[in-house]
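Heads up, the thing below is written out as structure tokens.
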Amino acid sequence: MSANTRTQTATAMSHSQSHLTQTRLEKTWVPWVPNRLSKRRGSSVPQFTNSPTMIVMVGLPARGKTYISKKLTRYLNWIGVTTKVFNVGQYRRDATRAYNSFEFFKPDNAEAMKIRKACAIAALKDVWEYFTSEQGQVVVFDATNTTPQRRELILSFAKENSYKVFFVESICDDPEIIAENIKQVKLSSPDYIDCDKDEAVADFLKRIECYKLTYVALDDNKDRNLSYIKIFNVGSRYLVNHVQDHIQSRIVYYLMNIHVTPRSIYLCRHGESELNLVGRIGGDSGLSARGAKFASALQTYVRKQSISELKVWTSHMKRTIQTAEALGVAYEQWKALNEIDAGVCEEMSYEEIQENYPEEFALRDQDKYRYRYPKGESYEDLVQRLEPVIMELERQENVLVICHQAVMRCLLAYFLDKSAVELPYLKCPLHTVLKLTPVAYGCKVESVFLNIEAVNTHRDKPENVDVDREPEEALETVPAHI
Amino acid sequence: MMLDNEEYLVDACQRELTQNPLRKIWLPGKSGHIAQRRVCMTNCPTLIVTVGLPARGKTYISKKLTRYLNWIGVPTKEFNVGQYRRECVKIYKSFEFFSPDNEEGLKIRRHCAMAALNDVRQYLSVEGGQVAVFDATNTTRERRGAIVKFAEQNGFKVFFVESVCEDPDVIAQNIVQVKLGSPDYIHCDTQEAIEDFMKRIKCYESSYQPLDEVLDRDMPYIKIMDVGRRYLVNRVQDHIQSRIVYYLMNIHITPRSIYLSRHGESDLNIKGRIGGDSALSARGKEYGTCLRKYIQEQNIKDLKVWTSQMKRTIQTAECLGVPYEQWKSLNEIDAGVCEEMMYEEIQEHYPLEFALRDQDKYRYRYPKGESYEDLVQRLEPVIMELERQENVLVICHQAVMRCLLAYFLDKTAVELPYLKCPLHTVLKLTPLAYGCKVESIYLGVDAVNTHRERPENVSVQRSTEAALKTVPAHF
């Protein structure tokens with residue numbers, strides 16, 4: 001008997017024991033008698049992280065390590081891999097009251113070296129805590145980690161605890177990029193809060209020099225058994241070594257698709273639809289009169305913005321396509337941008353859902369992110385479906401995405417780093433364009449209402465989410481409609 | 001203040017949209033629609049150029065990449081210069097042909113490369129191909145320069161794929177697997193063939209100029225080192241190149257097998273109904289038991305088991321008594337309004353739909369449902385993970401299994417929806433040389449036949465009997 005079948009089968013697994021039950025919330029089939037055979041219920045994609053993984057940044061200051069750390073963490077969390085950043089600089093700021101000057105970073109400053117090493121170790125301890133108590137799956141260890149000794153320290157720590165390690169080294173020798181970097185994120189750092197601009201820049205450049213003295217990049221020969229990606233000059237070239245598993249492969253793919261070219265992403269919903277007017281969800285209806293007006297106003301808005309080489313994307317549903325048609329420019333249809341499939345509740349009003357499926361309605365309010373409509377989808381499913389859209393948005397520059405309420409919530413949550421709890425309640429009203437512009441470590445949002453009235457389709461979480469609540473309590477937060 | 005979009009229509013208010021009856025795609029009613037059906041991955045065609053000494057896996061990569069791109073819907077074709085050479089020089093004598101001082105040989109080889117490039121131009125510019133894979137050694141800077149020039153003249157993007165390997169074991173294995181069976185060595189014994197081939201490699205070595213980090217820094221390329229242990233990726237220009245890089249970084253050549261099977265026979269299967277989420281029939285459960293036995297006998301190392309999120313595949317996996325993973329993307333094709341109907345009922349309620357489906361089963365989308373084409377897109381991450389993995393058993397559904405099988409066996413969109421994937425039969429796929437060996441194992445438990453052949457009459461005016469002619473028997 002193979003090792004596979006030796007495990008788990010001690011319990012007399014009679015072969016008619018394929019007795020399954022469907023979880024009420026996520027609608028996933030699980031064994032009636034719990035066993036450990038079916039892993040990770042509820043999610044639409046298997047979890048491919050077995051051992052916890054440490055992503056370790058490497059690079060001189062102002063090489064984009066923190067930018068990459070934060071962005072990667074945001075992406076991983078969005079696709080459902082619990083990830084956290086540990087920025088050693090933050091530990092250092094907490095340990096040393098006030099930052100004086102670059103002298104702190106001189107390699108011969110014994111006192112400072114002690115503090116810096118202690119900070120790294122404190123951070124590692126918190127990493128251990130995160131993996132152990134908080135069930136985190138990935139940690140991004142954001143520090144310069146520019147010496148083999150420091151990296152060896154981390155590798156030993158990881159080995160002791162059976163964590164996988166993947167290094168991300170950012171190498172850049174373009175002085176313009178570094179200068180831009182310093183301007184964007186260093187000048188406003190707590191370290192330089194009381195300095196004038198030129199002082200800060202001068203000091204920071206000297207800080208970089210301190211690191212250069214002891215910087216040893218990952219070595220193609222000596223480090224050939226390590227797993228890493230080297231990013232050269234903000235992505236014009238990559239060296240990828242010994243990718244071990246699925247999550248590392250996904251990380252590499254993501255890192256190779258992001259860029260720092262300034263651009264804006266415009267998110268909006270289709271114009272108001274016929275079904276919107278009567279308070280019904282889903283379906284494939286056309287635009288109402290006001291919806292058509294919005295499409296026209298959108299065209300005006302887009303033209304005024306004077307966007308260079310704007311790409312326009314829609315779903316496969318009539319209402320987004322009609323909206324795009326009004327723009328008079330080429331657009332691409334993505335099936336992946338279709339609205340969440342409400343299954344048996346398609347084209348129902350909330351009142352009808354309460355009448356016909358009161359339990360479902362309550363379950364949805366209990367956990368709106370994981371709740372899957374019978375024969376339909378959940379927000380969790382939506383995120384998986386939208387991942388290729390996000391990946392392509394990262395590759396692109398100026399894009400206008402004309403989509404739907406639930407879809408827009410998912411995309412917005414990605415850009416604004418919203419949790420699974422917040423995501424399904426993000427406000428994405430009709431006839432409002434959200435202009436997202438990456439800035440520093442995050443995203444600036446401008447909300448532009450194009451001044452065409454529309455129904456409100458946003459239903460807040462009601463107070464009572466019990467399955468035995470009264471219909472009035474269930475329908476308390478349903479927005480007005482015809 | 002105009003947008004930079006060429007196809008700008010001045011008169012852009014509310015064109016009527018109609019839904020294409022086959023694909024259920026909304027398009028502007030009149031002429032000149034500017035909406036593209038799905039993400040257009042390439043604007044100008046792309047020329048992928050392999051680089052590397054003989055026996056470095058260039059043809060393996062070329063064929064595999066071509067298969068993948070075609071499967072995801074990017075028309076791709078490979079052009080193997082060695083093939084052109086074989087057609088030109090009918091009989092291969094020896095490695096001497098490849099000697100760098102063989103003027104005659106060099107002339108012929110250059111001519112063959114040109115002929116191949118001409119066919120590339122024909123494919124990309126005239127025949128509507130989107131990607132061409134130019135499979136040759138292309139080991140000199142001069143040759144690559146000529147190709148880049150050719151591409152520029154024709155408006156093609158270029159992306160180089162270089163395979164570098166110095167591991168003698170890997171090279172020896174390569175020679176055994178694919179060179180010994182080559183037409184060049186059809187009349188040689190093994191020892192002779194190997195010796196000659198090694199000398200052939202030597203002929204290329206002295207003039208080999210690998211892609212250089214400095215000299216080629218503006219060239220888009222991926223350098224694959226040591227069969228995927230390390231990659232150098234330079235200047236990826238666009239979406240398709242990014243997908244190609246991702247794919248190349250996920251494939252491996254470690255021997256393994258992929259087992260494809262459907263769930264055991266279900267209650268709806270017996271009734272001749274499609275879709276739904278029913279449980280296994282008694283025979284279906286029996287199949288689960290037999291599958292367990294089969295798996296045990298196969299003694300597969302570290303087998304991963306995947307199912308869909310539908311009851312019938314999970315029940316089947318439960319019978320195996322080993323851990324398994326659920327993928328929603330492995331769910332059966334969504335038949336929309338036709339879910340849980342019998343073919344007879346579909347013919348009765350939706351005769352037009354039924355006929356359209358027979359006309360183009362690959363692109364046909366059920367009303368409020370999916371098409372095979374949609375399925376392929378949804379299955380792409382599954383294929384990508386299958387490439388990463390080693391031994392895997394996938395318990396899925398008829399349409400899904402057809403899509404996966406088409407990927408492994410390089411079947412076209414026309415053949416795909418009619419591939420035979422009967423119940424209670426395991427297909428064991430083992431990569432071999434440039435392709436895939438298939439073993440079909442029927443596990444001896446009876447089941448209904450769910451395979452409906454394309455009927456002769458696919459016209460929307462056909463009679464009911466003509467439509468239902470090929471419906472398999474059921475209760």
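All values below come from the heavy atoms of this structure, side chains included, with hydrogens, waters and symmetry mates left out. Throughout, protein chains are lettered first and strands after them, A, B, ... in sequence-line order, and every chain is numbered starting at 1. Just so you know, these numbers come straight off a predicted model, no measurement behind them.
Ranking B/Arg235, B/Lys24, B/Glu380 against chain A, the residue ahead of the rest is B/Arg235, based on heavy-atom pairs under 4.5 Å. Comparing B/Arg229, B/Glu286, B/Arg378 by heavy-atom pairs within less than 4.5 Å of chain A, the highest count is held by B/Arg229. Of the listed residues (A/Asp341, A/Asp284, A/Val243), the one with the most heavy-atom contacts under 4.5 Å to chain B is A/Asp284. Per-residue heavy-atom pair counts under 4.5 Å with chain A were compared for B/Val305, B/Asn234, B/Val382, B/Val236, and the maximum is reached by B/Asn234.
Rounded to the nearest 0.5 Å, atoms CG (B/Asn331) and CG (A/Asp381) are 9.0 Å apart. For the atom pair A/Gln322 CD and B/Trp26 CH2, the distance stands at 8.0 Å (nearest 0.5 Å). Distance check, rounded to the nearest 0.5 Å: CH2 of A/Trp29 to OG1 of B/Thr313 gives 11.0 Å. Summarising the geometry, atom OG1 belonging to A/Thr28 is positioned 6.5 Å from atom CD belonging to B/Gln326; distances are rounded to the nearest 0.5 Å. Put simply, CZ on A/Arg319 and CG on B/Leu17 are 13.0 Å apart, with the number rounded to the nearest 0.5 Å. Atom CD1 of B/Ile222 and atom OH of A/Tyr238 lie 12.0 Å apart (nearest 0.5 Å).
Side-chain contact of A/His316 with B/Arg365: a donor-acceptor pair under 3.5 Å is present, judged by distance alone. With hydrogens and angles left out, the side-chain atoms of B/Arg217 and A/Asn233 include no donor and acceptor closer than 3.5 Å.
When heavy atoms are compared at a cutoff of 4.5 Å, B/Asp226 does not approach chain A at all. With a 4.5 angstrom heavy-atom cutoff, B/Glu387 does not touch chain A via any of its atoms. For a residue to count as touching a neighbouring chain, one of its non-hydrogen atoms must lie under 4.5 Å from one of that chain's; by this rule B/Val245 touches chain A with the side chain only. Only the backbone of B/Met310 comes within contact range of chain A, with at least one heavy atom under 4.5 Å from a heavy atom of that chain. Using a 4.5 Å cut-off between heavy atoms, A/Met317 touches chain B through its backbone atoms (N, CA, C, O) alone. For B/Asn250, the part lying near chain A is the side chain, with the backbone staying farther off; criterion is any non-hydrogen pair under 4.5 Å. Heavy atoms closer than 4.5 Å to chain A are found nowhere in B/Lys223, neither backbone nor side chain. Contacts between A/Asn257 and chain B at a heavy-atom distance below 4.5 Å involve the side chain alone, from C-beta outward.
Looking at B/Arg388, its side chain never comes within 3.5 Å of a backbone N or O of A/Ser249 through a donor-acceptor pair. Between the side chain of A/Gln22 and the main chain of B/Lys311, no donor-acceptor pair closer than 3.5 Å is present.
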- request: Would you sort out whether B/Lys328 and A/Glu380 count as a salt bridge (Lys or Arg N to Asp or Glu O under 4.0 Å), showing the intermediate values?
  value: CA-CA 11 Å; B/Lys328 187 169 193 273; A/Glu380 196 171 22; over 6 Å; no
Can B/Glu339 and A/Lys375 be said to form a side chain to side chain contact (heavy atoms under 4.5 Å, CB included), step by step? CA-CA 11 Å; B/Glu339 275 284 318; A/Lys375 301 194 178 175; 5.9 Å; no
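For the pair A/Asp220 and B/Arg230, the tightest heavy-atom approach, listed with the atom from each and the gap, is O-NH1, 3.0 Å. The heavy-atom pair separating A/Glu325 from B/Pro28 by the smallest distance is OE2-CG, 3.0 Å.
Between B/Glu370 and A/Lys335 there is a side-chain heavy-atom pair separated by less than 4.5 Å. Side chains of B/Met225 and A/Leu239 form a contact here, defined as non-hydrogen atoms less than 4.5 Å apart.
Under the 4.0 Å criterion applied to side-chain N and carboxylate O atoms, B/Glu213 and A/Arg237 are assigned as salt-bridge partners. A salt bridge is absent between A/Arg250 and B/Glu385; no separation between the charged side-chain nitrogens and carboxylate oxygens falls under 4.0 Å.
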